[in-house]
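Note sheet for the following structure.
The sequence lines fix the lettering, A, B, ..., with proteins before strands; numbering per chain opens at 1.
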Amino acid sequence: MHFLDFNPKQDFHLLFLSFVLPLVGYTIQIFFGKKLPRRGDWMLTGFMFVSMCITVLMFAKSLWAAYHGQEFRHHSGLEADLWFHWLYSSDAAAAGTSNVSAAIYYDALGAAMYAVVGVVSFCVHLFSIGYMAQDKRYHIFFANISLFTFAMLGLVLSDNILFLFIFWELMGLMSYLLIGHFSHDPSQKFFHRWATQACKKAFLTTRVGDTCLLIGMVIFYQHFGTFNFGELWRLAQEEVARNGGEYPTWMTVAGLFVFGGTVGKSAQFPLHVWLPDAMAGPTPVSAMIHAATMVAAGVFLLGRTYPLMSPEVLSIVAATGTFTALFAASIGTTANDLKAVLAWSTISQLGFMVAAVGLGGVVAGMFHMVTHAFFKACLFLSAGSVIHGCHHEQDMRNMGGVRKYMPVTFACMLASTIAIAGIPFFSGFYSKDMIILRAWENVLGGHFDGASFFAAVALPVAACLTAFYMFRLIFMTFFGEYRPGTVPSPFAHHGGHDEHGHEEHGHADHGHAAHDHGGHAHGGHDDHGHDHGHAKHAPVVHAHAAKAHDAHGHDAHAHGGHDEHAKPHESPLPMLIALCVLATLGVFGGHFWLADIGHSLAFWEHAHTWFETSVSLKSLYGASAPVDRVLLGHAGHTAHIVALSVSLTVASLGILIAYLIYGRGWERSQRIAGKITGALGDLYDVVKNKYYVDEAIGCAIVVDVDAKGNKRYQPDASVIGGSVSLGLALNWVDKNIVDGLVNLVGRTGRSIGVVSSHFDRVVVDGAVNGVGLVTQTFGSVVRLVQSGRIQQYATFAVFGGLMLAAWLILL
Amino acid sequence: MQDQILSWITFIPLIGMAVILLIPKTSLNAIKGVSLAATFVPMVMATWLYFGGFRHLTQGDFDQARVAGDILASQFVQRLPWIDSIGVEYYVGVDGLSIALVWLTTILLFIGVIASFGMEKAGKAYYALLLMLQVGISGVFVSLDLFLFYVFWEIMLLPMYFLIGIWGGPRREYAAIKFFLYTLAGSVLMLIAIVALRLDSGTFSIPKLTEIAAQGKLLGANLPAAGELLGMKFSTWVFWFLFIGFAIKVPVFPFHTWLPDAHVEAPTPISVILAGILLKLGGYGMLRACFPFAPDAFHEFAYVLAILGVISIVYGAFVALGQTDFKKMVAYSSVSHMGYVLLGMGAFTVWGMEGAVLQMFNHGTSSAALFLIVGVLYDRAHHRDLNAFGGMSQIMPRYWALTTLGFFAALGLPGLAGFVSEALTLIGAYQAGDARFRTLVFISLLGVVFTAAFLLWAMQRVFLGQKNEKYAGFEEINFRELVCQAPLLFLCILFGILPAFLLDWMHPSVQNLLTILGAKA
Amino acid sequence: MGLGAYVAVSAALFALGIVAILVRRNVIYVLMGIEMILNAANINFVAFDRFNQSAGGGGGLEGRMFAIFVIILAAAEAAVALAIVLNVFHLFNSVKPSEADLLRE
C-alpha cells in the first residue's frame, strides 16, 4: 500500500486529531493563556501547524486517488466504532425512535475545503502574531480564532446536516465574538463602538438565515427520517423517481429554506447587510471568517445539499447569486475604505459561487470557493498589512505610493488582484471562467431558463466590475505619491493625541490628518523598512518616538515625530510569510488543481482541472447524483469559446477602465471620477449608500464622519427598532391588561373583604365590645384597692383571716 | 438504606432544619454549615441514584411492571400505610421522568445555599425555610400517591411565600401575596380534582389511577350525575382543573404575571430555585398527574396546549425585548422557554415529549445561571437597569465570559444544552404530522430569533460599548459566585454535547407514557 | 403551769408580730415581725408536743423537730430577705415598704 493511499484505520484518526487539536488548544488557552509565555500564541499556532500538515497530507491523498482514477469518498461510519452517537448513547437505547449519530465524511469536496481551511487558518494565526501584537486581548483573540477553526473543520467533516448546523452556529458565535473583539477595547476609538453594534447585527442577521436552515432541515427529516447526507441524497433521488422524475413541491419548499441558511451565512441579498459591518472586526478575522472560510460555508452547504434541490430552487439560487454578484460589485466600485472594497468584493464573489451552484455547476462553484479562499484571504491580509503599515489608515484616498514602502505586500496583493480579476494563468481565471462557461452552457445547451440567461449576461458584467474595482484599489493604494491626510479619516490611530491635549484641527491646519504622525516606536522597527527619509532625522526621531512611547505607555504607534517619518513601513516577518504562502496559492491555485500539468499553459483550450476530472456530480454524490440537466453536444464547444472570450474581454476591459481613470495620477483620477459621478448624479449616491438596503430593513449602523474626522453614531434604536416597539407594546399589555385582570380579581376580593370587615366591626365587634365594657367598669373599681403596697395587702389578709375566723367561730 | 434512599433524599433537609432550629440565632456559621451539609448529602445521594442506582429499563421490564400493578415501573419504591381511614399511603418512587428533576433539585438547592452566603439578611429562619422548601420540592417529584403529592405541593408553597415576602426587594409583599394567591388558586382546583378522582376510583395511588384511566374506566361513573356536569365530561373537568393548577406554576401565557413580580422581588438564590425547579413542577405535574388521568381530554385539547405554548414562546420573547430591568427580562425569557415544554407535550411525539422534559432540565440549569449572573451585577450596582450600564466587559472580563456562555446557552446555541431540547421540541412538533402543528412551529421560530435579539441587545447594553465610569471600581466576580455558576454552565455544555446523559434516562419512561396515553383520538 | 399560759405567750407574740408587719415603716422591723410570728408558731409546736406526751399520747418528737426546721428556715429566710432588702434599697433608695409599690403594675 502506498503511503498516499487512503487508510481508513489510521486516516480517520488523523482527521479527528486535526480537527480536535484547535479545540484542545482553545481549552488550554482560555484557562492558562494569559500566563503562558508570549500569551500562548506559539502553542495555538503550533497546533494549527500540525492540523494544517494533516489537512494537506490528506488532500495529497485525495489528489493521489484522483490521478489513479480511484473514487475518493470515505465515511467513518463504515467502521462501526467510529460513530458518535449523539441523542442516545446507542441505537438500542433509542428503541422506538431514531437516533442521531455523526461520523466523519471525507470526500473530494471535503478534502479540498478541509485543506483550504487548514492552510488559511494557519496563515491567519501566523499573520496575527504580528498584526495583533499590541492587542490587549491578544490571548483571547488567539483562543477564539482557534475555536473558530475547530468549528469550521468540524463543519467540513460532518456527515450529516444536523452536525453541520451545530458547527455552523458555533461559527456564528465565534464570528460574533471576533467581530466584537474591539468592542471590549476602548482604546480602539473608532472600532470600539462600531464593533459593539456590528457583532450583534451579524449574529442576528445570520440567525434569521440559520432559522430557515433549521426549518428546512426539519422538513427534510420529517419526510426522509434522517439527517445523513448520503441517506438524504439517496432518498431524494428515490422520491424524485417515485414522483415521475419531478421534484415534489415540499422539496422545493424545504430546499428554499435550506438555501435561506446560505443566504444568511454567505451574505446573499437581502441578508448581505451584516458582512460590510463585520469589517469592524480585526483584519485577520475579516480574512479568515468573512472572506475565506465561514462565508464560504454557505456555498459548501449548497454543495452538500445539491441533490436535494429542485430545479425551481436552483433557478432561485442562481438568480439570487447573480443578482448579489452584480449588486455587490457595483457598490464595490464606490467604496473608499480599503476593507470595505474587499468586503463588497467578497459578497460579489460569493454571489458567483452561489450562482454557479444554482446553474448546476456545483463543481465550478466549489472550485471558485477554493481559489477565492486563497486569493481573498491574501487580499485581506495584504490589506491588513497595508493598514498596519499606514498606521491604521484605511481610507484609500489617504494612501498612494505604498508600493515603494511595502514591496512584499504590494507583490502579494497584486498577484491576488490579478487572480481575482480573472487574468489567465492565475487561479481566479480558471474558476470564474468555469462559472461563466456553465452559464453559457445552460443557455446554449438547451436548458434555457430566465435565471441562466440572467447569469450569462450579468455575471460577465460583474466580473468586469470586479476587475475594475480591484485595479482601482491597486492604483489608489500603491501607485502615485503617498498622500496622507487628503481627506479626514476616522481610522487613523490618534487616540493618544486627544489624551495629550493635541487639538485635532491643529493637524488639519498643517494639511494632514492625525495619522501621519506615527513615528514607529516599537522594538522591532529596525528590522523592517524605515529607511525612507529616516537617515537624516534618525536621532531626532528615535528620541522623540521613544519619549512618546514612554509617555503614552500605549501601543506600537506612539505619535510624535515629523511628517517624513510617517511613511508606511513594511510588516514584520511572520505576517509576510503568511502573505507569501497565500499569494503563492492564490497564483498557482488554478494550476495546482489542473489535472494535466502539461496542458496548463494552453489556457485557450478548456482547462481540465482536477475538479472536473475527479470531482463531478458522480464522484460527489455517487449513485445518488442528480441527472445533469444540460445536454451538451456541439453546443459545449461553442459555449466554451464564448465563455473564454467573454471572460478575457471583461477582465481586460475592467482593468483598462481602472487604468484610464485611476492609473494616471491622483489629481487626474479625481477629476475624471468627479465628472463621472457628476454625470451619474443621484444614481451614484444610491449606489454609494448601498442602495439603502440597510435602511429599508431597518438595521443601518450609522458611522458618520464629519468634516473634522469625528465619528457620530445614531442611537441603536433603528437596529431592531420595530421589534422593540412591539416588545414595549406587549409589555404594556402584560402590565395593564393581563395583570390588570389579575389585579381586578384581587380588587374584587378586597372589596368583598372591606364589606365583610365593616360587618365585623359593627355587629360582631359590637357584641364583643359590650362584654368588654362591663368588665372594664368592674375592673376600674377593683383597681382602687390595688395600691401595690405590701403592708396594705397584708392588712387585708389579716382582716380577711380574722373575719374568716369570726365566721367559723360564731357560726 | 437503598430502599429508603428517596426518603433520605427528601427528609435529610428536614433533619437539617430541625438542627438549625436548635442552634442559637447568633452562631450563623454553624447554621450555614448545617444547611450546606443538609443539602450536600442529598445531592451526593441523588447523584449516585442517577448514575449508579437507576436501572435503564426495557420494554419487557415495563410489561412485567404492568402485570405487577405498577404501570409506571418506578424504582426505589417505598410504600407504607399512612392515613388508613381514607386510604392514603406514603408511596414514593422514581422513574425516568422524575429522576433527572430530583437530581436537579438537589443540585440547585445546594447552589442556592452557597449563593445565600452573601446575603446579609439571611439568618436562622431563612436557612430553615430554604431546607423546608427542598423537602417540599423533592417530595413532589418522588410522590406516587396523589394525596402525598398534594401535601408536598402545599409544603413547598409556604416557605416560598416567606422567602419572597421577608427577604425580597422593595415590593416583596405584593409579589409574595400575588405568588401565594396564584398558586393557591391553582391548588384549590387541583384539590377539587383530586377529591373527585378519589371518590370515583377509590384510590390515591398515581400508578393505579393511571392504569384505570388508561383502561378508560375513569369516567366519574361513581359520582352524582354519572360524571356529567354542565354538559362537560368528568375527564374534561378533571383535565382542566389539574391543568390550570399546573399551568399556573409553569407558567403558561395568561397565568404568567406572577412570575416577573416574584422574580424581581425575590433574592437571587430564591430566584434561582424558583426559575430552576419550581417552574418544572408544573410541567412535571402535567406529565405525572394530569394527562395520564384524562387521556381523552388530553388528545382533544393537545392542540390548545400547543397554541398556549407557542403564545408563551413568542409573547415572552417580545415582552422580554421591551424590558429595561435585567431580571425582569430574564423572567420573561423563562416564560418564553417554558413555552417549548407545552409545545412539545402538545405535539405528542417521542421527540416532542422528550424535548419538553429535556427543556425542563436544561432551562433549570441555564435560567438558574442567568439569575445568578443578574445577581452578581445587582450585588454590586444595587440596581438592574439595563440602560444604565455599559462596557462592563472591560471592568469584569471574567464575568463577561461567563455571561456570554449563559446567554448563548439560553438562546439555544447548538453545542449547548438549550439547543438540543429546543430542536427536539420543534422537530417533534413538526413530526406531529399535522398542518396545524407545522404552522405553530413556523410561528415559534419567531421566538427563536427574538430570543437571540433581546439577549444580544442586553449584552450590548450592559457589557459592550462605552464604559460607564461610575462602575469602573467593581470587583471581578469572586470565588463564591464562580462556584455557584460554574457547575450550572458546565452542565449546559455537557448536556449540549452529550444529551444522551439525559435522554437515555428518560427515553424508556417517555415511551411508556406515550403508550399509556395511547393513540390520538 | 398549764398549756394555756404557753398558748397565751404565743398568741401575744403572734399579735405583736402582725402589728409590726402591718404598721412599721421600716422593712427591717417588718422582717423582725415575721421572725416573731415564726417564733410564736415554734412555741406552740414545742408546747403542744410536750403536753401531748405528758398526756400519754405517744413518744414522738415531731413537734420539736418541726420547731428546729422552722428555726433553720427562718435563718435562711432572713438571709434571703435581707438580700432583697438591699436590692430594694438600691432600687428605691429607701427601705420603706410603702415606697415599693411596683406590684400595682
Side-chain angles (χ1 to χ4, degrees), chain A residues 30 85-90 93-97 137 140 162 165-170 172-173 176-177 180 183-186 192-193 195-197 199-200 203-204 207-208 211 214-215 218-219 221-222 716 719-720 723-735 738-739 741-742 746 749, chain B residues 56 58-59 178 181-182 254 256-258 260 315 317-323 350-351 354 391 393-394 397 400-401 404 408 413-415 419-420 423-424 426-427 430-431 433 441-442 445 448-450 452-454 456-457 459-461 463-467 498-501 503-504 507-508 511:
Chain A
I30 208 79
H85 298 287
W86 190 54
L87 276 185
Y88 307 98
S89 61
S90 65
T97 182
R137 296 169 73 245
I140 301 285
L162 187 65
F165 180 75
I166 288 174
F167 289 117
W168 172 282
E169 285 266 317
L170 198 55
L173 167 68
Y176 170 81
L177 292 176
S183 64
H184 309 287
D185 187 357
H192 178 49
R193 298 187 61 187
T196 298
Q197 306 202 8
C199 61
K200 184 187 67 183
F203 191 87
L204 290 181
R207 186 138 178 115
V208 173
T211 311
L214 179 68
I215 196 73
V218 170
I219 297 175
Y221 183 80
Q222 160 72 12
D716 175 58
V719 176
I720 36 178
S723 346
V724 173
S725 322
L726 182 57
L728 288 172
L730 284 179
N731 187 34
W732 183 87
V733 169
D734 206 57
K735 257 210 196 95
V738 182
D739 220 19
L741 275 176
V742 174
Chain B
H56 296 269
T58 61
Q59 192 52 49
K178 202 167 175 182
L181 288 182
Y182 252 115
H256 67 279
T257 59
W258 63 269
Y315 182 85
F318 272 110
V319 179
L321 193 60
Q323 297 304 323
V350 180
W351 280 11
E354 278 174 20
S393 71
Q394 296 153 40
W400 169 77
T404 309
F408 278 91
L413 187 86
F419 168 73
V420 186
L424 277 186
L426 292 177
I427 298 174
Y430 199 88
Q431 280 177 330
V441 171
F442 280 101
L445 288 174
V448 174
V449 174
F450 280 96
F454 73 73
L456 293 190
W457 198 32
M459 171 70 83
Q460 178 192 332
R461 285 186 285 178
F463 291 94
L464 310 181
Q466 215 64 37
K467 184 159 79 178
L498 298 170
F501 272 124
L503 284 172
D504 274 3
H507 182 67
Q511 284 278 17

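Between B:Thr404 and B:Phe463 there is no side-chain heavy-atom pair separated by less than 4.5 Å. Side-chain contact check for B:Gln394 versus B:Trp400: every heavy-atom pair is 4.5 Å or farther apart. Counting only heavy atoms from C-beta outward, the side chains of B:Lys178 and B:Thr257 approach each other to under 4.5 Å. At a threshold of 4.5 Å between non-hydrogen side-chain atoms, the residues A:Trp86 and B:Val420 count as touching.
Here the closest non-hydrogen pair linking B:Ser393 and B:Leu464 is OG-CD2, 4.4 Å. Looking at every heavy atom in both residues, B:Ala452 comes nearest to A:Phe203 through CB-CE2, 4.3 Å.
Options B:Pro397, B:Ala423, B:Ala401, B:Pro499 differ in how many heavy-atom pairs under 4.5 Å they form with chain A, and the most are formed by B:Pro499. Among A:Leu214, A:Ile219, A:Val208, A:Leu170, the residue making the largest number of heavy-atom pairs under 4.5 Å with chain B is A:Ile219. Residue with the most contacts toward chain B among A:Val218, A:Ile30, A:Ile140: A:Val218 (heavy-atom pairs, distance under 4.5 Å).
No part of B:His56 comes within reach of chain A, as not one of its non-hydrogen atoms sits under 4.5 angstrom from that chain. For B:Trp351, the part sitting under 4.5 Å from any heavy atom of chain A is the side chain, from C-beta outward, and nothing else. Looking at B:Glu354, the atoms closer than 4.5 Å to chain A (heavy atoms on both sides) all sit in the side chain, from C-beta outward. For chain A, no part of B:Phe501 is nearby; none of its heavy atoms comes within less than 4.5 Å. Contacts between A:Tyr88 and chain B at a heavy-atom distance below 4.5 Å involve backbone atoms as well as side-chain atoms. B:Gln431 touches chain A through backbone and side chain together, each having a heavy atom under 4.5 Å away. With a 4.5 Å cut-off on non-hydrogen atoms, B:Tyr430 touches chain A through its backbone and its side chain both. Contact annotation for A:Phe167: neither backbone nor side-chain heavy atoms come within less than 4.5 Å of a heavy atom of chain B. For chain A, no part of B:Leu181 is nearby; none of its heavy atoms comes within less than 4.5 Å. For a residue to count as touching a neighbouring chain, one of its non-hydrogen atoms must lie under 4.5 Å from one of that chain's; by this rule B:Val449 touches chain A with backbone and side chain alike.
Atom-to-atom distance recorded for A:Thr211:OG1 and A:Glu169:CD is 7.0 Å, nearest 0.5 angstrom. For the atom pair CG of A:Leu162 and CH2 of A:Trp168, the computed distance is 13.5 Å after rounding to the nearest 0.5 Å.
In this pair, B:Phe450 and B:Phe318 present their aromatic rings tilted. The plane angle is within the 30 to 60° band.
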